[in-house]
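Structure first, then comments.
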Number of protein chains: 2
Amino acid sequence: MSKIRVIIADDHGVVRAGLRGLLAAAGLDVVGEAGTGAEAVSLARSLHPDVVLLDVRMPEMDGLQALTAIKSELPEISVVMLTVYASTEYLSRAIAAGAAGYLLKDAEPDEIVRVVRAAAEGSRVIDASLLQSVLEHTPVAEADALQQADLTQQELRVLKLIALGLTNDAIAETLVVSRNTVKTHVRHIFEKLGVSDRTQAAIWAVRNGLVE
Amino acid sequence: MSKIRVIIADDHGVVRAGLRGLLAAAGLDVVGEAGTGAEAVSLARSLHPDVVLLDVRMPEMDGLQALTAIKSELPEISVVMLTVYASTEYLSRAIAAGAAGYLLKDAEPDEIVRVVRAAAEGSRVIDASLLQSVLEHTPVAEADALQQADLTQQELRVLKLIALGLTNDAIAETLVVSRNTVKTHVRHIFEKLGVSDRTQAAIWAVRNGLVE
DNA sequence: GAAAAAATCACCCCGCAGGATGATTTTTCA
DNA sequence: TGAAAAATCATCCTGCGGGGTGATTTTTTC
């Protein structure tokens, strides 16, 4: 079994060095480094790594743009986003654009390695602490419809992940439960909201300020 | 072939009378009238009509609540919503709650009859003028991402309908094209937005202010 | 008037989503 | 402590969604 090949893209040399050491120590193969989004894309093209670690904020094409470029040209490469902010907005966009993972820079080294490994295997994993903030923090405003919906805690989490654009399988992985369990929650959510599919549920969630 | 049985629910007697005459003249059978949402629900329960015409605004349970109650208890009954406002917000909710049609009160008599007839047959039809206003009116603010997406006119319409929660078949009916055509547009939309399913496309649309 | 873009539609395939049902375990709360 | 609610998971089934390909017609644009 060959090593997982990774490209690191961040505009700060210090961060790159830190990540490189961290990943190398875990037995991963850092095959390239980029300081801009554009560089990251061309490196991905020439080196075909298993995973690209992209900082959200970079000169000459930011992380999201680079992500989009890579996924459209090289969809088989897994891209993990790195950020300092726990922004639902960005998270949602990154997921929609096909990111395999989303990491906070202050995440535990083990957590970073875990997410990169999972990404290489084709899984989608969101950093636990980031996920926490997204799932547990509900904007207080406009909570009336939410109250009326009378969702349970777990159903609420599932709904938020639906509203982020995750599939049932991705939700199952994220919440560490089985796919069947997720499907059960999803059905209950539909009943309670009075909708008939996940798209309508997502729209409901966005309109009622459940996310963002 | 028996007449289509309709219940009319509106808190204004004048409106009810107008609708009754209009529908009767078209050969439909108005089997009941209600002045409140609660009445409409109980009438629906006892009379089992083919179609219920619900005013959005009514005392004792508004139209949306009545719609939800009817659809959960008697899903086989088609419900057409009546309103004076062309609100995307309400339209989206009504569709999500299972409305078969959505009519403006100042719609042409022929149009009203057409929608009620279509609803009785199980189709989902949105009043043409209302649809027009929803489809052709794009909030100017935040049009940057939209420009970048570079969608064609028809793709834009399809995306808006996706963001209202319509299925491909419903979109096909609404735009009067084949299902295959819709699917083609949908695929192109996904490519242009860089998303992988309709839920993410809907979220994109809402976030970028494409609807509402 | 020719070339390019947009819109239309068909057929095939596959997998996930969504519906129905039943069941067990854990947690909550009166 | 005992009942109710919540969370977990399974299995079966069906259909729609989404991917791939190809093709024709209409409209736009240079």
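All values reported here derive from a predicted model rather than from experimental measurement. Chain letters run A, B, ... following the sequence lines, proteins first and then strands; every chain starts at 1.
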Please list, chain by chain and in numerical order, all residues satisfying side-chain hydrogen bond (donor to acceptor under 3.5 Å, both in side chains) with [X], sequence neighbours excluded.
X	result
B:Ser42	none
B:Asp197	none
B:Glu33	B:Arg16, B:Arg20
B:Gln154	B:Arg157

Please list, for nucleotides 4-9 of chain D, all pairs of protein and nucleotide N/O atoms separated by less than 3.5 Å.
from	atom 1	to	atom 2	distance (Å)
D:dA7	OP1	A:Gln154	N	3.4
D:dA7	OP2	A:Thr152	OG1	2.3
D:dT8	OP1	A:Gln154	NE2	3.2
D:dT8	OP2	A:Gln154	NE2	3.1
D:dT8	OP2	A:His185	NE2	2.8
D:dC9	OP2	A:Ser178	N	2.7
D:dC9	OP2	A:Thr181	OG1	2.8
D:dC9	O5'	A:Thr181	OG1	3.3
D:dC9	N4	A:Thr184	OG1	3.1

Pairing residues for [X] by the side-chain contact (heavy atoms from CB on, under 4.5 Å) criterion, not counting sequence neighbours:
X	result
A:Thr68	A:Ala97
B:Leu43	B:Ile7, B:Ala34, B:Ser46, B:Leu47
A:Arg187	A:Thr184

Nucleotides 23-29 of chain C: which of its N/O atoms have a protein N/O under 3.5 Å away?
none

*Degree of bending, the helix from C:dG1-D:dC30 to C:dA30-D:dT1 (end axes from five pairs; round to 10°)*: 70°

What is the separation between atom [atom1] on [X] and atom [atom2] on [N], rounded to the nearest whole Å?
X	N	atom1	atom2	value
A:Leu161	C:dA17	CG	P	13 Å
A:Leu159	C:dG18	CG	P	13 Å
B:Lys183	C:dG15	NZ	C1'	13 Å
A:Phe190	C:dC16	CZ	C1'	12 Å
B:Ile171	D:dG17	CD1	C1'	11 Å

_For a 4.5 angstrom cut-off between non-hydrogen side-chain atoms, does A:Leu210 reach A:Leu156?_
yes

*Report yes if some heavy atom in the side chain of B:Val182 is under 4.5 Å from a heavy atom in the side chain of B:Leu161; otherwise report no.*
no

*What residues form a salt bridge (Lys or Arg N to Asp or Glu O under 4.0 Å) with B:Asp169, not counting sequence neighbours?*
B:Arg179

*Say you draw a straight line from CG of B:Asp10 to CG of B:Leu54; how long is it, rounded to the nearest 0.5 Å?*
9.5 Å

